[in-house]
Each structure stands twice: as C-alpha cells, then as structure tokens.
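Atom set for the values below is all heavy atoms of this structure, side chains included, hydrogens, waters and symmetry mates excluded. Here the structure is a predicted model, which means the values were calculated and not measured.
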Amino acid sequence: MAENRASEYPEGTPCWVDAQLPDVEAGRRFYGELFGWTFEDQPQGTVRALKDGKPVASLAHKTDGRLPTVWTVSFTTPDAEALCRRIRAAGGQVVSPPAPFGDLGVTALVTDPEGAVFSLWQPGTTPGFGRRHEPGAFAWVQLYTRDTDTANAFYGGLFRDALFGPDADPDFGRAPVSDVFAAEMPPHFLVHFAVEDVDAGLREVTRLGGRVQVPPFETSYGTAAVVTDNQGASFALLHR
C-alpha cells in the first residue's frame, strides 16, 4: 500500500495512533512480536513503529504515573489552533495546546464534551500512517460514549466532510458504552488494529502477557475483540 499523503486526508480523518506506556522497551517487545513491528527513535524520547518499513504508530514513555496507560488516536487538521477554538466553542476542552513535534508536525491533546480524549495532528513532514487497513496496522477507531446523538453532533460539526461528506469513507464510529463495556466505563476511544485471524491474535496477546477484555463479537465493520497489552493499555483486534 502506498504511503498516505497529507492531501489525501480530509480534516477529521484518523491519521495516527500512539501509546503512553510505563515501559517503552516492554512495549517494543510486545507489539514487535504481536504485529511484526520494527522501531526507530523519534523526537522527545518516543519511538515510531514501522510495518514493512512504513510508519504505523508510536510508543512514548508515560512521564506521570497518575496518567492512564492508553492508546490515543489523532485526527488530522490543517490548522490545529483554529480547530482547538472550534472544539472549545462546541463544548470540548483543550488539555495540551498545539505544540510542534520536531519538524514532523504540530500536535494537541483535547477532549469532547463527555471527556473522551483524542489528539490533533497538523502535518509537517509527516502526514500520518504509511500503512493502514492491513494486518498489523490501524483499521478503525470506535468512540464509546454515553450519548451518541451528542457525539454525532459534536464530531459531525467538527469533521463533517470526513464523516458525512459525499466522498466520506470514515474509519471512525460511535456506539453507546453499554454495547461492549460496563455502564460505569467512562467515554473513550478504542483503537482497532487489523489482524488476519482474531482468535490467533488473542492467543498471541495472552502468550505475550496481555489479556482478553472482551471476547470476539460481530460489528457492522467486522469481527472485533478487546484486549489489553502487558502494561494495561486497551486496544482491539479487528478482522474485516
């Protein structure tokens, strides 16, 4: 698959995922074996994961033990400052304002009105995924929310072309928390990685020290299962 270019991404397209981990070296071993990733160093102490030489994700050291161990999705934007203003106006919050990440791009951390956390990515030299929609790479992100109507209004207002435009082919869905998780689970994004065989992937996750959180279930976008890695970060395996 050809590497994606910034011009191919309408604003609001999922373009990157990163994990905040207590132990990046343990993350390299876990995901390297699970997905066949290799790694290269990036600015600010992070490592970029590669699948067949193309970028697919990054792992970063969690600097504050009180922060969650989590995968975060980034949505592309041509202007992170302007999008942050729109997010505030629509009831969301800006956790970390836009800041450069070397010459790769500009990033910001934000929340929606219910508190679900996501990132923004304004491309510099790096537009985002070099591979997606194939085994070992990003395939989908699902927002689990308490109010899908509010979520559709919020994200539809921010990212209308990417979600509902005439050429839209979104990798981003919304569902009630109670569809998969206990009702007390806070609203959150769940990053999905493609696999050829979900059951085989679950066996590998378990062998590597992770655990199965939600066994395989059918969705409108494929067969998914929710797991955690060996440090507690949740993600999903997806076969389409």
Side-chain angles (χ1 to χ4, degrees), residues 6 9-24 27 31 39-49 55-129 138 141-146 150-151 153-159 162-163 171-172 174 185-192 229 231-235:
Y9 287 135
E11 185 170 54
T13 303
C15 67
W16 196 247
V17 291
D18 65 271
Q20 297 286 324
L21 302 173
D23 187 338
V24 171
Y31 291 102
F39 299 90
E40 62 182 15
D41 292 336
Q42 274 194 300
Q44 303 178 23
T46 66
V47 295
R48 183 162 64 173
V56 291
S58 58
L59 309 180
H61 176 64
K62 187 171 67 171
T63 56
D64 186 335
R66 295 169 296 181
L67 295 175
T69 300
V70 66
W71 277 98
T72 301
V73 63
S74 294
F75 294 93
T76 194
T77 177
D79 189 334
E81 291 279 2
L83 184 52
C84 282
R85 291 193 292 271
R86 290 161 51 208
I87 286 169
R88 289 192 187 98
Q93 297 184 11
V94 176
V95 178
S96 300
F101 191 76
D103 64 352
L104 303 179
V106 173
T107 184
L109 190 67
V110 298
T111 78
D112 68 14
E114 289 195 305
V117 176
F118 60 102
S119 289
L120 310 179
W121 182 252
Q122 178 183 320
T125 60
T126 299
F129 297 123
F138 170 85
V141 66
Q142 189 81 343
L143 171 65
Y144 286 97
T145 176
R146 301 200 191 288
T150 295
F154 176 79
Y155 292 99
L158 295 179
F159 305 143
L163 291 176
D171 296 325
F172 170 27
R174 281 78 59 206
M185 175 73 76
H188 65 284
F189 284 91
L190 183 66
V191 172
H192 293 53
D229 67 16
Q231 299 182 69
S234 294
F235 61 100

Partners passing side-chain contact (heavy atoms from CB on, under 4.5 Å) against [X] (at least two apart in sequence or in another chain):
X	answer
Thr72	Asp18, Val70, Leu109, Ser119
Ala49	Trp37, Phe39, Val56, Ala57
Pro186	none
Ala99	none

What's the separation between atom [atom1] in [X] and atom [atom2] in [Y], rounded to the nearest 0.5 Å?
X	Y	atom1	atom2	value
Glu114	Leu143	CD	CG	7.5 Å
Leu59	Gln231	CG	CD	9.0 Å
Arg85	Asp79	CZ	CG	6.5 Å
Cys15	Phe129	SG	CZ	6.5 Å
Tyr31	Asp229	OH	CG	3.5 Å
Asp23	Lys62	CG	NZ	11.0 Å

I'd like to know if the side chain of Arg86 and the backbone of Leu158 have a donor-acceptor N/O pair within less than 3.5 Å. yes
Looking only at heavy atoms, what is the nearest atom pair of [X] and [Y], with distance?
X	Y	result
Thr145	Pro187	CA-CB, 4.2 Å
Ser58	Gln42	CB-OE1, 3.6 Å
Gly27	Leu21	CA-CD1, 3.9 Å
Glu11	Ala162	O-CB, 3.3 Å
Pro10	Thr13	O-OG1, 2.8 Å

Knowing that exactly one of Phe235, Trp71, Phe172 qualifies, which makes a ring-ring contact (aromatic ring centres under 6.0 Å, His included) with Phe189? Phe172
Is there a side-chain contact between [X] and [Y], using heavy atoms and a 4.5 Å cut-off?
X	Y	result
Phe118	Ile87	yes
Cys84	Val110	yes
Leu120	Pro98	no

If only side-chain N and O atoms count, and only distance matters, is there a donor-acceptor pair under 3.5 Å linking Gln122 with Thr77? no
Does the pair Gln20 and Leu67 meet the rule for a side-chain contact (heavy atoms from CB on, under 4.5 Å), with working shown? CA-CA 9 Å; Gln20 297 286 324; Leu67 295 175; 5.9 Å; no
Partner set under ring-ring contact (aromatic ring centres under 6.0 Å, His included) for Trp121, not counting sequence neighbours: none
Which side-chain hydrogen bond (donor to acceptor under 3.5 Å, both in side chains) pairs, counting each pair once, include a residue from residues 89-113, with sequence neighbours left out? Asp112-Tyr155
Test log, rule side-chain contact (heavy atoms from CB on, under 4.5 Å), inputs Val24 and Val47: CA-CA 8 Å; Val24 171; Val47 295; 3.8 Å; yes
